[in-house]
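Quick note: numbers below take in every heavy atom, side chains included, and nothing from hydrogens, waters or symmetry partners. Quick caveat, the model's predicted, so the values are computed rather than measured.
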Amino acid sequence: MTTIYFSRLDSEEIDPLESPFDPNLSVETPLFGKPKEIGHFSIDSERRIHFNRSQMKYLIFPLKMKNVYLDLKVNFVDDIFHEYVTLSKMYQTLQWLQYHQQLLKTEFSKASTKTSNVDFVTVRGSLVLIMCTPYLNRNLRNQWEICATKYNGIIYFSAIDTDKDVAENKNATYMQRCYQSWGYKFEQYVTTDHIDGLPDMSSKTHQLEEFCVILKNVLNDHKLLYKAEIDAVIPHRQPTPGYGETSCYTELKTSKNCITEDEKYCFNRYKSITWWAQSCLAGISEIICGKRSNDGIVRSIDVFRVNNLPQEAKDFWSADVCLNFCDKFLNFLKRVVIEDDYKIVYKFSYRSGNMIYCSKLINPELRYTIIPEWYTESLDE
C-alpha cells in the first residue's frame, strides 16, 4: 500500500490505497481520455530545440519479423551516449509553450483553475512514475522526487534526478550502458528519415536526437498538458501526424527473448506495466519489440497490443489501480500546491515504502526549480 502523507506547517493524511494485490479489491474505472496532439518539436544532435518535425522517423514497413539478425552492439564504442537530465525534459516543454504564446492566451485562462483549459503541465515520464508507484519494488525505480510549482493558476510538475539517480548514472556498469545503447540501436535499425527510405546506420549521434509531441488529455476532472517522445510513425497510416490523432505513432522497445517461466513472470510483473503506461499516455496502440539474446542479437520482432497488456498481466498489476492512484495524487497536488508563485516549490518524495512526503521550498536551488525566470519573463512581456 502507498499512503500520501503531507508535512509542512500542518499535516494531513490521505486514506491509504488498498493493496493492489488484494483479490477482493474493488477499484472504480477512471475516466481517461484519448490524447490529442496539439504541437510538436525536434531535438537535434547538439540538443537544440526546433519547432518542426525534422527529427521525426518512419518505421520501415513492412518489417521482417522472423529470422532477422540485428547486432545491437554495432558502433557501441563510437556512438555518443545520451546523458539524462530529467528536468531538461520539462524545460523543453516550457520552451515550446514560450514559443507558442498565443496558445497560452487561448488555452490557458488568467490565474484561475476554475476556468482554465489546463490544470497541469508536465511530461509523460513523470505521469508514468506516478501511475506505477503502487507497484514499485526493487526491480523498478523504487524512489522518486517530484517538484511542483503553481504559476498563473496552473500547476507545473516534474520528476527530478535524485542523488541516487545521479550516482547510479555516474557509476553505471558496462552492461547497464549496453542495455541503454541497445534500445537506441534497435530504433536505428528499424526507422528511416523518409517513407520507404533506408536506415542510416552511420549516424553516431542518434541517441541525442528526439522527436516529441505536446498532448492534451483528461483524467477524471484533471486537464493535462504534457510532452511525450515519439519513436516512429507507421507509414501510410491515417490520420497522418499533426491532425490531433496519435494512432499513427508506435513505440519501439527491446526485450530479452522470454523462454523460461521465470523470464515470462519478470516481463509481466516488472516491464509490461511501464510499457503500458508510456503507450497509454501517448495514445499508442501497439509496441514493436526486438527480441534479443543475452549478447545483444535480435533474431525476431514481435508486436504487443497495448490494450491487451493489462489483461495478460492481470495477476501482477491493474490499469485501474494505476490510473486511480494518479488521480488521487493529482487531487493531492491541487489541495497542497496552493501558493501561486513560481519561486515556491513543493517537493514530493517517495522512498520505497508506504508514504509520500512533501516539503515546501522557498527560492529553491536550481536542481529543484521547475519554472525558470526566462519562462516567466517571456510571458510577462
Side-chain angles (χ1 to χ4, degrees), residues 35-60 79-108 118 121-126 156 158 180 183-185 187-188 190-216 225-235 237 239-246 248-252 278 281-284 369-379 381:
K36 178 184 178 182
E37 178 184 345
I38 63 169
H40 57 267
F41 61 87
S42 296
I43 302 295
D44 67 19
S45 61
E46 296 182 9
R47 302 300 292 168
R48 295 174 301 190
I49 191 169
H50 302 272
F51 303 105
N52 57 36
R53 297 181 179 273
S54 56
Q55 294 297 334
M56 190 173 73
K57 305 296 183 183
Y58 290 92
L59 183 71
I60 293 177
D79 287 347
I80 301 174
F81 277 78
H82 182 189
E83 299 293 340
Y84 287 95
V85 178
T86 300
L87 192 55
S88 67
K89 297 179 182 296
M90 184 65 175
Y91 288 173
Q92 291 169 0
T93 307
L94 297 183
Q95 285 179 276
W96 184 89
L97 288 170
Q98 181 187 43
Y99 186 79
H100 295 83
Q101 291 196 39
Q102 187 59 41
L103 180 80
L104 289 174
K105 296 176 183 178
T106 58
E107 293 288 332
F108 295 8
V118 175
V121 172
T122 186
V123 297
R124 177 178 60 172
S126 300
Y156 296 72
S158 173
Q180 176 184 334
Y184 286 112
K185 185 59 63 176
E187 293 178 14
Q188 193 177 20
V190 300
T191 63
T192 178
D193 291 337
H194 308 285
I195 292 180
D196 301 326
L198 296 174
D200 179 11
M201 299 305 297
S202 65
S203 172
K204 305 296 189 295
T205 60
H206 59 279
Q207 294 191 27
L208 305 175
E209 300 158 354
E210 300 177 19
F211 172 67
C212 302
V213 294
I214 302 293
L215 303 169
K216 284 190 69 177
L225 184 148
Y226 52 94
K227 165 227 160 181
E229 184 178 352
I230 297 297
D231 292 336
V233 177
I234 300 176
R237 177 170 289 189
T240 55
Y243 284 83
E245 291 278 343
T246 58
C248 58
Y249 301 125
T250 190
E251 189 84 16
L252 302 175
Q278 289 175 334
L281 285 165
I284 288 172
T369 301
I370 297 299
I371 298 181
E373 286 192 6
W374 56 258
Y375 180 69
T376 61
E377 289 173 352
S378 67
L379 299 187
E381 293 177 355

Peer 1: Just jot down the side chain to side chain donor-acceptor pair (under 3.5 Å) partners of Glu187, sequence neighbours excluded, or say none.
Peer 2: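 Per chain and number, Glu187 pairs via side chain to side chain donor-acceptor pair (under 3.5 Å) with no residue.
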Peer 1: Once salt bridge (Lys or Arg N to Asp or Glu O under 4.0 Å) is applied, do any residues pair with Glu37, and if so which ones, sequence neighbours excluded?
Peer 2: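 Salt bridge (Lys or Arg N to Asp or Glu O under 4.0 Å) list for Glu37, sorted by chain: Arg53.
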Peer 1: State which residue, out of Pro239, Pro235, Pro241, fulfils the side-chain contact (heavy atoms from CB on, under 4.5 Å) condition with Cys248.
Peer 2: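 Testing Cys248 for a side-chain contact (heavy atoms from CB on, under 4.5 Å) against Pro239, Pro235, Pro241 leaves exactly one candidate, Pro241.
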Peer 1: Could you check whether any side-chain N or O of Thr93 sits under 3.5 Å from a backbone N or O of Lys89, counting only pairs where one atom can act as donor and the other as acceptor?
Peer 2: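 Side chain of Thr93 to backbone of Lys89: a pair is present.
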Peer 1: Restricting to non-hydrogen atoms, name the atom on Ile371 and the atom on Tyr156 that form the minimum distance, rounded to 0.1 Å.
Peer 2: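 It is CD1-CD1, 3.5 Å.
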Peer 1: Could you give me the CA-CA distance, side-chain angles and deciding distance for Thr369 and Tyr91, then say whether side chain to side chain contact (heavy atoms under 4.5 Å, CB included) is met?
Peer 2: CA-CA 10 Å; Thr369 301; Tyr91 288 173; 4.1 Å; yes
Peer 1: Are the side chain of Ser126 and the backbone of Ser158 linked by a donor-acceptor contact shorter than 3.5 Å?
Peer 2: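 No; zero donor-acceptor contacts below 3.5 Å.
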Peer 1: Any sub-3.5 Å donor-acceptor pair from His206's side-chain atoms to Ser203's backbone N or O?
Peer 2: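 Looks like yes, one N/O pair under 3.5 Å.
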Peer 1: Strictly by salt bridge (Lys or Arg N to Asp or Glu O under 4.0 Å), give each pair with a member in residues 193-207 just once, sequence neighbours left out.
Peer 2: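 Qualifying pairs: Lys57-Asp193.
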Peer 1: Starting from the C-alpha separation in whole Å, work towards a yes-or-no answer on side chain to side chain contact (heavy atoms under 4.5 Å, CB included) for Leu208 and Ile43.
Peer 2: CA-CA 8 Å; Leu208 305 175; Ile43 302 295; over 6 Å; no
Peer 1: A quick test of your reading: do over 12 heavy atoms of other residues, nucleotides or ligands sit less than 6.0 Å from OH of Tyr243?
Peer 2: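 It does not: Tyr243 OH has 12 such atoms or fewer within range.
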Peer 1: Can a donor-acceptor pair be found, under 3.5 Å and without considering hydrogens, that links the side chain of Tyr99 to the backbone of Leu94?
Peer 2: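 No; zero donor-acceptor contacts below 3.5 Å.
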Peer 1: Run the side chain to side chain contact (heavy atoms under 4.5 Å, CB included) check on Tyr249 and Arg237 step by step: do they pass?
Peer 2: CA-CA 9 Å; Tyr249 301 125; Arg237 177 170 289 189; over 6 Å; no
Peer 1: When the ring planes of His82 and Tyr184 are compared, do they come out parallel, tilted or perpendicular, using 30° and 60° as the limits?
Peer 2: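 Rings of His82 and Tyr184: tilted, 30 to 60°.
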Peer 1: Who pairs with Glu83 by side chain to side chain donor-acceptor pair (under 3.5 Å), at least two apart in sequence or on another chain?
Peer 2: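 With sequence neighbours excluded, Glu83 shows a side chain to side chain donor-acceptor pair (under 3.5 Å) to Asn169, Arg177, given in chain and number order.
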Peer 1: Quick check: closest heavy atoms across Gln180 and Phe81, and the distance to 0.1 Å?
Peer 2: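 Scanning both residues, the minimum pair turns out to be NE2-CD2, 4.0 Å.
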Peer 1: Mind checking salt bridge (Lys or Arg N to Asp or Glu O under 4.0 Å) for Glu46 and listing every partner two or more places apart, or none if nothing turns up?
Peer 2: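 Arg48.
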Peer 1: For Pro199 and Ile60, work out which heavy atoms get closest and say how close.
Peer 2: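 Minimum heavy-atom separation between Pro199 and Ile60: CD-CD1, 3.4 Å.
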Peer 1: May I have the step-by-step check of side chain to side chain contact (heavy atoms under 4.5 Å, CB included) for Asp79 and Lys185, ending in yes or no?
Peer 2: CA-CA 9 Å; Asp79 287 347; Lys185 185 59 63 176; 2.9 Å; yes
Peer 1: Go through the structure and list residues passing salt bridge (Lys or Arg N to Asp or Glu O under 4.0 Å) with Glu245, not counting sequence neighbours.
Peer 2: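 Salt bridge (Lys or Arg N to Asp or Glu O under 4.0 Å) check on Glu245 returns Lys34.
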Peer 1: So, Glu209 and Thr205: side-chain donor and acceptor under 3.5 Å apart, yes or no?
Peer 2: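 A pair is found: one side chain offers a donor N or O, the other an acceptor, under 3.5 Å apart.
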